[in-house]
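To start, the structure under review is shown below, and the notes come after it.
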Amino acid sequence: MPEQPLTGHNCPGDPCTIVIFGASGDLTKRKLLPALYNLKVLRLMPENFAVVGVAVTDGDDAAYRAKTTAEIKEFATRPVDDAEWDDFQKRMYYLQGDFNNIETFHRLGDKIKEAQAAWNLSGNVLFYLAVSPTFFAKVVDQLGAVGLTNQTPDAWRRVIIEKPFGHDLASARELNENLSKNLEESQVFRIDHYLGKETVQNIMVFRFGNSIFEPIWNRRYIDYVQITVAEELGVELRGGYYDHSGVLRDMVQNHILSVLSLIAMEPPSSISGDSVRNEKVKVLEAIRPMDPEQVISNTVRGQYGPGLIGGTRVPAYRSEPDVNPQSNTETFVAMKLFVENWRWAEVPFFIRSGKRLAQHTTQVVIGFRRAPLLLFGEDVQTNSKPNRLVLHVQPDEGITLDIHAKRPGPNINLVNVPLDFSYSDFGEGMAATGYETLLYDCMIGETTLFHRYDSVDASWRIVTPILDVWQALPARAFPNYDSGTWGPEASDALLAKSGHAWHHYPLKG
Ligand code: BG6
């Protein structure tokens, strides 16, 4: 597997200073620094670069270098080469400061200049806001106030933020207005880590790099689409955040609708930047927001009770740390959506996501219509399953196409056989955090894999009416599924209404 970004670029990113706000946090040590290290090993980091970490925790350059040197050994996704890391850590700087204090940002300007002089850097600066979303607007305001967001033709300034982009439609709009006081839309890189996953990027290659699927990729041949994002994990130590969020905001508004739009979009005219994003947003705009009656009949919410995960007893959501013991926050959602355009009219898109489910898996199942004629008799026809295409996004990345074959023997009997492709056949190549492509793309100014604001807005327009109805009619029977199951029974009933059923694909391998 060639370790290259989707965009096909394989030259190093632009020389730049990378400023990470939240430098002592989890995301930085687990993902961002290991990803930058991987890019360096792959020769995709520019020869000239520096990293400036900013956080409230006390520290200085030397302490930060020592701390990250210890951490990289734990979190790198490949064995750490001493010489390679030594060169990396020398380029790291640390600034202790309060984000509310403008003086921090004046000092940041000086620190950036220091790094630029030491490493012969141009004026390009990438700001990564690995901080709570409550700080997004504040940090950008302060950067703007000291002139750090100002671009010149030979010095770009880019800001990466990661979801949640708002809590609902109104707050998403407010955040966007605040950001746009200091930044052009082209300077804002909204990360969705699902778009950094190889198999999610592969959806585009699969659809548009092969000629055989596109002609059947529509309502004439496709009966339904299912997207499952199931986790075995509970809320872990994020109860404080999650209890104000729930799965609809946490997973559907961003990751799942983004995957759905890749599945459903029209072929873009090119693979970069706005061509893809234009097509994706059209899909979201074609999903009509539900009215209250549709919310009641087309959505199911759930919350996990205690149960068994991998043989171990786990507590109910309401007993998790920092969760309100009477919480009505949903940890499971299933819903039926329609993309109302000529390609997809009347094809149901079933999506579901939840925590503490029976299996950790993300899969897209494309269900094809039955063969039109009873050539092999009614029994065979009704007992055989229509063709299905399964895109296994994680954990065992691959693609399965279920087809029919004749079972060997004197009479005609059909058997479903899987045609399987597994990413592991590529061997090495997946030693990544999922952030490499995204960081690299930001450095070269490639925007395809980042959310443009119009798609954020369109996603909130889909999700907010559901949140409103759920808030007006609090769930009565929470918790309503045991940990370690596939969610509440109503989730199966939702599909049964139209003669469908969830596919619980066994893990491959
Ligand atoms: C995050 C959510 O965006 O995605 C988490 O906030 C969730 O709640 C995580 O666990 C799932 O990501 P992945 O890559 O493990 O499927």
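Side chains are part of it too, since the values below use all heavy atoms of this structure and drop only hydrogens, waters and symmetry mates. When a ligand or atom number is given, it counts from 1 through the structure's own listing order.
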Between ligand 1 and the protein, give all atom pairs where both partners are nitrogen or oxygen and the distance is under 3.5 Å, as lines of names plus distance to 0.1 Å.
{"residue": "ligand 1", "atom": "3 (O)", "partner": "Lys163", "partner atom": "NZ", "Å": "2.9"}
{"residue": "ligand 1", "atom": "3 (O)", "partner": "His255", "partner atom": "NE2", "Å": "2.7"}
{"residue": "ligand 1", "atom": "6 (O)", "partner": "Lys163", "partner atom": "NZ", "Å": "2.9"}
{"residue": "ligand 1", "atom": "6 (O)", "partner": "Arg238", "partner atom": "NH2", "Å": "2.9"}
{"residue": "ligand 1", "atom": "6 (O)", "partner": "Asp250", "partner atom": "OD1", "Å": "2.6"}
{"residue": "ligand 1", "atom": "6 (O)", "partner": "Asp250", "partner atom": "OD2", "Å": "3.3"}
{"residue": "ligand 1", "atom": "8 (O)", "partner": "Arg238", "partner atom": "NH1", "Å": "2.9"}
{"residue": "ligand 1", "atom": "8 (O)", "partner": "Asp250", "partner atom": "OD2", "Å": "2.6"}
{"residue": "ligand 1", "atom": "8 (O)", "partner": "Lys355", "partner atom": "NZ", "Å": "2.9"}
{"residue": "ligand 1", "atom": "10 (O)", "partner": "Glu231", "partner atom": "OE1", "Å": "2.6"}
{"residue": "ligand 1", "atom": "10 (O)", "partner": "Glu231", "partner atom": "OE2", "Å": "3.3"}
{"residue": "ligand 1", "atom": "10 (O)", "partner": "Lys355", "partner atom": "NZ", "Å": "3.1"}
{"residue": "ligand 1", "atom": "12 (O)", "partner": "His193", "partner atom": "NE2", "Å": "3.1"}
{"residue": "ligand 1", "atom": "14 (O)", "partner": "His193", "partner atom": "NE2", "Å": "2.8"}
{"residue": "ligand 1", "atom": "14 (O)", "partner": "Lys197", "partner atom": "NZ", "Å": "2.6"}
{"residue": "ligand 1", "atom": "16 (O)", "partner": "Tyr194", "partner atom": "OH", "Å": "2.4"}
{"residue": "ligand 1", "atom": "16 (O)", "partner": "Gln394", "partner atom": "NE2", "Å": "2.7"}

Just distance, no hydrogens or angles: give the donor-acceptor pairs under 3.5 Å from side chains in residues 17-27, sequence neighbours left out.
{"residue": "Ser24", "atom": "OG", "partner": "Thr57", "partner atom": "OG1", "Å": "2.8"}
{"residue": "Asp26", "atom": "OD2", "partner": "Arg30", "partner atom": "NE", "Å": "3.1"}

Per-pair distances, 0.1 Å, donor-acceptor, side chain in residues 464-478, under 3.5 Å, sequence neighbours excluded:
{"residue": "Thr464", "atom": "OG1", "partner": "Leu169", "partner atom": "N", "Å": "3.4"}
{"residue": "Thr464", "atom": "OG1", "partner": "Trp460", "partner atom": "O", "Å": "2.7"}
{"residue": "Trp470", "atom": "NE1", "partner": "Thr299", "partner atom": "OG1", "Å": "3.4"}

Check your understanding: Going by the salt bridge (Lys or Arg N to Asp or Glu O under 4.0 Å) test, which pairs reach into residues 170-196, not counting sequence neighbours?
Key ->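 Applying salt bridge (Lys or Arg N to Asp or Glu O under 4.0 Å) to every pair that reaches into residues 170-196, excluding sequence neighbours, yields Arg173-Asp457, Glu185-Arg190.
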
Point to revise | Reference residue Thr362; test side-chain hydrogen bond (donor to acceptor under 3.5 Å, both in side chains); the match among Glu231, His255, His392, Gln394 | key: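 When side-chain hydrogen bond (donor to acceptor under 3.5 Å, both in side chains) is applied between Thr362 and each of Glu231, His255, His392, Gln394, only Gln394 qualifies.
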
**Study point:** Main-chain N/O of Ser171 paired to Asp168 side chain as donor or acceptor, under 3.5 Å
**Key:**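 Indeed, once roles are kept as given, a pair shorter than 3.5 Å links the two residues.
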
**Study point:** Under 3.5 Å donor-acceptor, Asn387 side chain and Leu401 backbone
**Key:**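 Answer holds: no.
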
